[in-house]
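Each remark here refers to the structure printed beneath this line.
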Protein chains: 2
Amino acid sequence: MGMEETKFIINSNEYLPLRDVVFNTLRDAILTGKLVPGERLMENQLADRLGVSRTPVREALRMLALENLVELVPRKGAQVLDMSEKDIINILEVRDALESLATSIACVKMRKEELQKLKNVEAEFERAVGESDLERIIQLDEDFHDLILESTENDKLTQIYQNLRVQLYRYRMAHLKVDSSIPAIIAHHRGIMRAIENHDAEEGATVAHGHIKYHTEFILRSIHNK
Amino acid sequence: MGMEETKFIINSNEYLPLRDVVFNTLRDAILTGKLVPGERLMENQLADRLGVSRTPVREALRMLALENLVELVPRKGAQVLDMSEKDIINILEVRDALESLATSIACVKMRKEELQKLKNVEAEFERAVGESDLERIIQLDEDFHDLILESTENDKLTQIYQNLRVQLYRYRMAHLKVDSSIPAIIAHHRGIMRAIENHDAEEGATVAHGHIKYHTEFILRSIHNK
DNA sequence: AAAAGAAACAATGTATACAGTATTATTAAG
DNA sequence: CTTAATAATACTGTATACATTGTTTCTTTT
């Protein structure tokens, strides 16, 4: 249902293994809610629907399990993982620590050109806010945090952080959708940039912590209102 | 070579898929150095050697890749991942943040019985130190940190932390092997327990940070001496 | 009619076969 | 003798077939 065909393989210049195509397709379906939590994912059925054999489907399911998007039970099969509120709180708790870490490292390591990029993204972000362009706001907010991560030159940190973000994807609009929260977010971003500019790692960690805490509030509120 | 057969499947009461058997076997071989960094892992060869087909071997390799123990290059194959010093520093940087987080949560959440367990483990640890029982010292040090993780009631944090630990497994003795470092470690452990007892989260985070920093020093030194 | 058991079915686990692509070895040209 | 082109080989990618297990349905017994 709504699951697209895999024609795009042909158009692509680069080679992409089928397992990655299936992975991307399923991941997208889960994150956009086309596949809902608890739904069983049967290999044969998916394979038929996607026009491939079970092999790449199996491998894709295992990749999804590694991202904590599906749950695999031996000899029972896979299902879209449902996150409890506790899971979300747990993820946010870890993300808080990692965001603080990243920001404090950025305060030490970030170079002038990178800071300039960050300022440009933030300017665009605030412009998008003026135009109430929600999709763009979300993208630029992500970009902002990605630039900070990049400046840490720590792939491991980046990888773990982005994995946590994927798991929270469903709630990515929770805080940005509420108009009243935007000014606070802008203030946080500016605070982070100021800390970076002043090479004040402690201040950076503190502001980042406040930022995530604020975000956490909104996510939890949006869960409760469902 | 030296790779054991898979007879033990039969003896086991619980069912273990072959992919998990292969995974455990390969993981063990990598962590104990029987498979060295850079070594190519060919599916056919491993399958023959382990007496299984390529299918479970493939799946096991992908699981290992997820733990960052092997590197998979599409259409090229798998090889045991070699970590650079930078990788190790990156991992330690993240672990530092997570250990501090875990300890500060423990200071808030840990219950009396759990603290008692922690004290017991520490007592055993110090006894093992007296007996210079290195294997046991390492195990009890792990147990100590596991108890702290458990008390956080944060599965996500636990999972990520333990994954980082696996990646550092090769260096797990670096600091415990040096006799002169043991008194400092004991002091750290006691400091952590005191912070937990006093419910002083800030103190806990600080001591944990110092502990990891100390550990980091030894790991880096042991790399340079190779 | 309810519960236990057996049989049919459907799903995952594993093995194998075939296809396509890197790599290596071999040959030809300069 | 070196380099480029080509053929042979060895590996991964994918599909499919078979084995095993879990589930459901239908029968049988109490």
Side-chain angles (χ1 to χ4, degrees), chain A residues 1 3-27 30 35 38-66 69-81, chain B residues 1 3-27 30 35 38-66 69-81:
Chain A
M1 226 191 286
M3 205 81 73
E4 291 306 311
E5 285 198 4
T6 56
K7 290 272 173 53
F8 50 90
I9 306 168
I10 301 151
N11 295 341
S12 173
N13 268 341
E14 298 178 36
Y15 163 78
L16 245 196
L18 276 184
R19 60 168 173 272
D20 290 321
V21 175
V22 175
F23 171 75
N24 288 332
T25 306
L26 292 179
R27 185 169 118 138
I30 292 171
L35 292 170
E39 187 162 343
R40 277 194 72 184
L41 298 174
M42 282 167 296
E43 298 172 1
N44 265 321
Q45 188 183 321
L46 291 172
D48 289 350
R49 198 178 283 184
L50 297 169
V52 299
S53 78
R54 269 180 64 208
T55 309
V57 171
R58 272 181 80 80
E59 296 187 346
L61 286 176
R62 280 163 203 294
M63 291 163 79
L64 290 165
L66 133 71
L69 292 177
V70 312
E71 191 184 6
L72 292 177
V73 182
R75 280 170 162 160
K76 287 281 195 71
Q79 58 177 49
V80 181
L81 195 63
Chain B
M1 231 188 280
M3 206 79 74
E4 290 309 310
E5 284 197 6
T6 57
K7 289 272 172 53
F8 51 89
I9 307 168
I10 301 152
N11 295 342
S12 172
N13 268 341
E14 300 178 34
Y15 163 78
L16 246 197
L18 276 184
R19 60 169 171 274
D20 291 320
V21 175
V22 175
F23 170 75
N24 289 332
T25 306
L26 291 180
R27 185 168 117 138
I30 292 171
L35 292 171
E39 187 163 343
R40 279 194 71 184
L41 298 175
M42 282 167 294
E43 298 173 1
N44 265 320
Q45 188 184 321
L46 291 173
D48 288 350
R49 199 179 284 185
L50 297 170
V52 299
S53 78
R54 271 180 63 209
T55 308
V57 172
R58 273 181 79 80
E59 297 187 347
L61 286 176
R62 281 164 202 293
M63 292 164 78
L64 290 165
L66 137 70
L69 292 177
V70 313
E71 191 184 5
L72 292 178
V73 181
R75 280 172 164 161
K76 287 283 194 67
Q79 57 177 50
V80 181
L81 194 62

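Here is how names work: the chains are called A, B, and so on, in the same order as the sequence lines, proteins then strands, and each is numbered from 1.
When heavy atoms are screened at a 4.0 angstrom cut-off, R19(B) is found touching the sugar-phosphate backbone but no base atom. Using a 4.0 Å heavy-atom criterion, one finds that L41(A) contacts the sugar-phosphate atoms exclusively.
Distances shown here put a side-chain N or O of K76(A) below 4.0 Å from the OP1 or OP2 atom of dT23(D). For dG13(C), neither phosphate oxygen OP1 nor OP2 lies less than 4.0 angstrom from any side-chain nitrogen or oxygen of R58(B). Remark: R75(B) is in phosphate contact with dA22(C), judged by side-chain N or O atoms under 4.0 Å from OP1 or OP2. Remark: S53(B) is in phosphate contact with dA15(C), judged by side-chain N or O atoms under 4.0 Å from OP1 or OP2.
Minimum atom distance to the side chain of M42(B) is reached by dC11(D), of the listed dC11(D), dA15(D), dA15(C). With dG13(D), dA11(C), dT16(D) as the choices, the nucleotide that has an atom nearest any side-chain atom of T55(A) turns out to be dT16(D). In this structure, the nucleotide among dG13(C), dG13(D), dT12(D) sitting nearest to the side chain of N44(B) is dT12(D).
Separating the CD atom of E59(A) from the C1' atom of dA15(D) is a distance of 12 Å, rounded to the nearest angstrom. Rounded to whole Å, atom C1' of dC11(D) lies 8 Å from atom CD of E43(B).
The shortest side-chain heavy-atom distance between L35(B) and I30(B) falls under the 4.5 Å cut-off. Using a 4.5 Å heavy-atom cutoff, the side chains of V22(B) and L46(B) are not in contact.
Listed by chain and number, the residues in a side-chain hydrogen bond (donor to acceptor under 3.5 Å, both in side chains) with E43(A) are R54(A), R58(A) (sequence neighbours excluded).
With rounding to the nearest 0.5 Å, the separation of CG in L72(B) from CG in L81(B) is 10.0 Å.
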